[in-house]
Amino acid sequence: MNVNLSILKEIKLRNGQQLILRKPLIEDAKKMIEYLNIVGGESDNLLFGKDEFRLTVEQEMEHIKRINNDLNTLMILGLIDNEIVSVAQIDSPNRKRIAHNSEFSISVKKNYWKNGIGSAVMSEIIRFANENSTIRNVSLGVKSSNNNAIIMYEKFGFTKIGVHKNNFNVNGNFDDEILMDLYL
Ligand SMILES: CC(C)(COP(=O)(O)OP(=O)(O)OC[C@H]1O[C@@H](n2cnc3c(N)ncnc32)[C@H](O)[C@@H]1OP(=O)(O)O)[C@@H](O)C(=O)NCCC(=O)NCCS
């Protein structure tokens with residue numbers, strides 16, 4: 001796949017910056033690992049902290065190949081001036097009996113928060129899920145103290161459906177995981 005074919009959408013943000021949403025290419029693997037190791041340290045809200053995203057470039061390349069070949073899975077990179085500012089994914093299991101249940105995850109680089117990037121990416125992911133004939137349910141897990149994300153998910157129609165008690169352990173501080181679902 002070349003860069004032009006990978007582009008899903010170009011959006012002008014509130015602050016005038018141009019955001020490109022596109023599928024990842026295998027050449028993005030190294031920059032994606034660098035990005036994830038940075039954003040991991042920018043909040044306590046992801047499943048990994050600073051420099052804790054431990055895939056090798058080869059493993060990340062394999063991951064990109066797998067998701068780009070899976071019709072029920074989509075990864076979106078958000079780029080501003082060629083810099084990765086967001087990575088999001090909707091992933092569906094292969095097993096036929098549960099293939100309609102997808103999992104969603106997202107991060108945006110801290111310098112770019114509150115500019116509408118998270119919302120733009122979510123709209124694109126939900127559009128993909130709606131147009132996909134297999135996906136019916138979109139699920140996610142969010143740290144109970146992550147109000148910004150919870151407000152955003154509710155804005156897109158997700159509802160709280162349960163709790164995993166003390167699911168997060170960030171340096172000895174335990175926090176619940178709120179489970180949220182969107183039924184298409
Ligand atoms: C959560 C996250 C993805 C939001 O991305 P973003 O680009 O800032 O999102 P947007 O600018 O599109 O804001 C989306 C909505 O979220 C809510 N929101 C975001 N930041 C907020 C803040 N600081 N205070 C209150 N509401 C906030 C608002 O409802 C906002 O909608 P609005 O702009 O219409 O008011 C981003 O903060 C992030 O990556 N955080 C760290 C990683 C993370 O928490 N990922 C989710 C794990 S479950």
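One-based numbering along the sequence shown. Read the numbers this way: they start at 1 and go in the same order the structure lists the ligands and their atoms.
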Please determine if Gly118 has a nitrogen or oxygen closer than 3.5 Å to a nitrogen or oxygen of ligand 1. yes
Just to be sure I'm reading this right: ignoring hydrogens, which of Ile151, Ile178, Val85, Ile150 gets closest to atom 28 (C) of ligand 1? Compare them by their nearest heavy atoms. Ile151
Partner of Arg22 under side-chain contact (heavy atoms from CB on, under 4.5 Å), picked from Leu79, Ile76, Leu5, Asn4, is Leu79
Side-chain donor/acceptor of Lys109 to backbone N/O of Tyr35, under 3.5 Å: no
Heavy atom of Gly141 under 4.0 Å from ligand 1? yes
Please state which protein non-hydrogen atom is closest to atom 16 (O) of ligand 1 and give its distance, to 0.1 Å? Met152 CB, 3.3 Å
Kindly say whether Arg127 contributes a backbone atom to a donor-acceptor pair with the side chain of Asn130 at under 3.5 angstrom? no
Polar-atom distance check: Lys155 versus ligand 1, any N or O pair below 3.5 Å? yes
Of the protein's non-hydrogen atoms, which lies at the shortest distance from atom 11 (O) of ligand 1, and what is that distance? Gly116 N, 2.9 Å
Which of the ligand 1 atoms, numbered from 1, are nearer than 4.0 Å to a heavy atom of Ala149: 1 (C)
Does Ile106, backbone or side chain, put an N or O under 3.5 Å from an N or O of ligand 1? yes
Looking at Glu42 and Lys110, would you say the former's side chain and the latter's main chain have a donor-acceptor pair under 3.5 Å? yes
What residue and atom, counting heavy atoms only, is the protein's closest point to atom 43 (C) of ligand 1, and at what distance? Asn146 ND2, 3.8 Å
Need the ligand 1 atom indices (1-based, order shown) with element for anything under 4.0 Å from a heavy-atom of Ile117. 7 (O), 12 (O)
Can a donor-acceptor pair be found, under 3.5 Å and without considering hydrogens, that links the side chain of Asn15 to the backbone of Gln17? yes
Using a heavy-atom cut-off of under 4.0 Å, does the side chain or the backbone of Phe156 touch ligand 1, or both, or neither? neither
Among all protein heavy atoms, pick out the one at the shortest distance from atom 25 (C) of ligand 1; state its residue, atom name and that distance to 0.1 Å. Asn148 OD1, 3.7 Å
A student comparing Arg14, Lys109, Lys110, Glu42 should find that the heavy atom closest to atom 33 (O) of ligand 1 comes from Arg14
Any carboxylate oxygen within less than 4.0 angstrom of a Lys/Arg side-chain nitrogen, looking at Glu34 and Lys31? no
For the backbone of Phe53 and the side chain of Asn37, can you confirm whether one donor and one acceptor N or O come within less than 3.5 Å of each other? yes
Considering only the protein, which heavy-atom contact is closest to atom 48 (S) of ligand 1, and what is its distance? Tyr153 OH, 3.2 Å
Under a 4.0 Å heavy-atom limit, does Val39 contact ligand 1 with its side chain, its backbone, both, or neither? neither
Can a non-hydrogen atom of Met180 be found less than 4.0 Å from any atom of ligand 1? no
So do the side chains of Leu182 and Phe156 get within less than 4.5 Å of each other, counting heavy atoms only? no
May I ask you to decide if Asp176's main-chain N or O and Asn166's side chain share a donor-acceptor pair within less than 3.5 Å? no
Is it true that a side-chain atom of Ser144 and a backbone atom of Ile178 form a donor plus acceptor pair closer than 3.5 Å? no
Below 4.0 Å, non-hydrogen atoms only: which portion of Ser119 touches ligand 1? Side chain, backbone, both or neither. both
Side chains of Val138 and Met122: does their closest heavy-atom pair fall under 4.5 Å? no
Kindly confirm or rule out an N or O of Val108 lying under 3.5 angstrom from an N or O of ligand 1. yes
I'd like to check whether Ser107 has a polar contact with ligand 1, where a contact means an N/O of the residue lying under 3.5 Å from an N/O of the ligand. no
Strictly distance-based, threshold 3.5 Å: is any side-chain N or O of Asn115 a donor or acceptor partner for the main-chain N or O of Ile117? no
Atom 8 (O) of ligand 1 has as its nearest protein heavy atom Lys114 N, 2.8 Å
Look only at the side chain of Asn72 and the backbone of His100, and say whether a donor-acceptor pair between them is shorter than 3.5 Å. no
Tell me, which protein residue and heavy-atom name are nearest atom 41 (C) of ligand 1, and how many Å apart are they? Trp113 CZ2, 3.5 Å
Any nitrogen or oxygen of Tyr112 lying under 3.5 Å from a nitrogen or oxygen in ligand 1? Just yes or no. no
Asn147 side, atom CG; Asn45 side, atom CG - distance, nearest 0.5 Å: 9.5 Å
Hey, is Asn147 touching ligand 1 through its side chain, its backbone, both or neither, going by heavy atoms under 4.0 Å? neither
Tell me which protein heavy atom sits closest to atom 42 (C) of ligand 1, plus the residue, atom name and distance to 0.1 Å. Leu46 CD2, 3.7 Å
